[in-house]
Amino acid sequence: RAPQRMWAWRLYRNAIQHLTHRQVDRALTSLERALSYHPRFVLARCLRGRLFFEQRKWKRAEQELRQALRVQPNAVCGLFLLGQVRDSLRDRKGALRAYSHALRGKANRLWGSTAVLHYWVYRYRAKLYLSSRQYARAAADYTRAIGIRPKPYKLWKLRAKCRMHSHQP
């Protein structure tokens, strides 16, 4: 069992290497092989889901992400990506549900810190709230995102717009 996981990790790293050279098909092949050694490898499933998402293969992306979430239900990377997939499929309620669930999870160190992932979740969730005219909720999420990473000044403008529409100070 341990040697199989070792091979799975090696193939996962190979996939990352292929992606640095923009070889998506080779990366997907490496990830498929990694999953043949270790089918419960959440990071490999999330990365496959992300690659399918980037190829606009929404259903395949959703399948991969749901499989990852069956193994680790609070995987922030999986929930965040699932939110993006649901939004792309125009399922705003499903996207909001996934994003909200992601904010209760913890990040894997290979996907970055929890705060960084939460920053992106807040941004995307705020965008959904804004598009559905839930200005107070959007403003609150923009405020949380700014609290994590204050630099993108565009967020400040979006928050001000939301506050203006919701008559919030």
Nearest-0.5 Å distance that lies between atom OH in Tyr142 and atom NZ in Lys127:
8.5 Å
Please find the pair of heavy atoms, one from Ala95 and one from Gly83, that lie closest to each other, and give the distance.
CB-O, 3.3 Å
Tightest non-hydrogen contact, residues Pro73 and Leu79, listed as O-CD1, 3.6 Å
Show the numbers, then the answer: is there a side-chain contact (heavy atoms from CB on, under 4.5 Å) between Phe52 and Gln55?
CA-CA 5 Å; Phe52 287 138; Gln55 293 176 335; 3.7 Å; yes
How long is the span from the SG atom in Cys162 to the OH atom in Tyr135, to the nearest 0.5 Å?
7.5 Å
Do Phe80 and Tyr124 have ring centres separated by under 6.0 Å?
yes
Of all heavy-atom pairs between Leu155 and Ala145, which one has the smallest distance, and what is that distance?
CD1-CB, 4.0 Å
Do His118 and Tyr122 have side-chain heavy atoms sitting under 4.5 Å apart?
yes
Minimum side-chain heavy-atom gap Leu89-Glu62 below 4.5 Å:
yes
Do we see a donor-acceptor contact under 3.5 Å between the side chains of Arg33 and Tyr37?
no
How many angstroms lie between atom CG of Leu43 and atom CZ of Arg48, to the nearest 0.5 angstrom?
14.0 Å
What verdict does the side-chain contact (heavy atoms from CB on, under 4.5 Å) test give for Gln17 and Thr20, after you've listed the backbone C-alpha separation in whole Å, the side-chain angles of each residue and the deciding distance to 0.1 Å?
CA-CA 5 Å; Gln17 202 61 32; Thr20 62; 3.9 Å; yes
Taking the side chain as everything from C-beta on, heavy atoms only, tell me whether Gln84 gets closer than 4.5 Å to Leu81.
yes
Heavy-atom pair of closest approach, residues Tyr119 and Pro152:
OH-CG, 3.1 Å
Here the gap from His18 atom NE2 to Asn14 atom CG, rounded to the nearest 0.5 Å, amounts to 5.5 Å
Any side-chain heavy atom of Leu130 sitting closer than 4.5 Å to one from Leu158?
yes
Given Phe41 and Trp9, is the ring-ring contact (aromatic ring centres under 6.0 Å, His included) satisfied, shown in steps?
CA-CA 9 Å; Phe41 193 173; Trp9 273 102; 4.8 Å; yes
Report yes if the side chains of Asn74 and Arg104 come closer than 4.5 Å at any heavy-atom pair, otherwise no.
no
Output the distance between atom OH (Tyr129) and atom CZ (Arg137), rounded to the nearest 0.5 Å.
5.0 Å
One pair to check against side-chain contact (heavy atoms from CB on, under 4.5 Å): Leu31 and Leu47. What are the steps and the verdict?
CA-CA 8 Å; Leu31 290 169; Leu47 184 55; 3.8 Å; yes
Is the count of non-hydrogen atoms from other residues, nucleotides or ligands lying under 6.0 Å from Arg149 atom CZ greater than 12?
yes
How far apart are the closest heavy atoms of Leu65 and Val85, and which atoms are they?
CD1-CG2, 4.0 Å
Check: Tyr99 and His101 side chains under 4.5 Å, non-hydrogen atoms:
no
Ignoring hydrogens and angles, state whether a donor on the side chain of Arg159 or Thr143 is under 3.5 Å from an acceptor on the partner side chain.
yes
Residues Ala75 and Leu69: closest non-hydrogen pair is O-CD2, 3.9 Å
What I'd like to find out is whether the side chain of Gln67 reaches to under 4.5 Å of the side chain of Arg40, using heavy atoms alone.
no
Within 6.0 Å of CH2 in Trp58, more than 12 heavy atoms from elsewhere
yes
Please check if any side-chain donor atom of Arg92 sits under 3.5 Å from a side-chain acceptor atom of Ser131, or the reverse.
yes
Donor-acceptor pair, Ser100 side chain versus Arg97 backbone, under 3.5 Å?
no
Rounded at 0.5 Å granularity, tell me how far NZ in Lys161 sits from OG in Ser166.
12.5 Å
Using a 4.5 Å cut-off on heavy atoms from C-beta on, say whether the side chain of Leu35 contacts that of Leu11.
no
Regarding Arg50 and Glu54, does a basic nitrogen lie under 4.0 Å from an acidic carboxylate oxygen?
yes
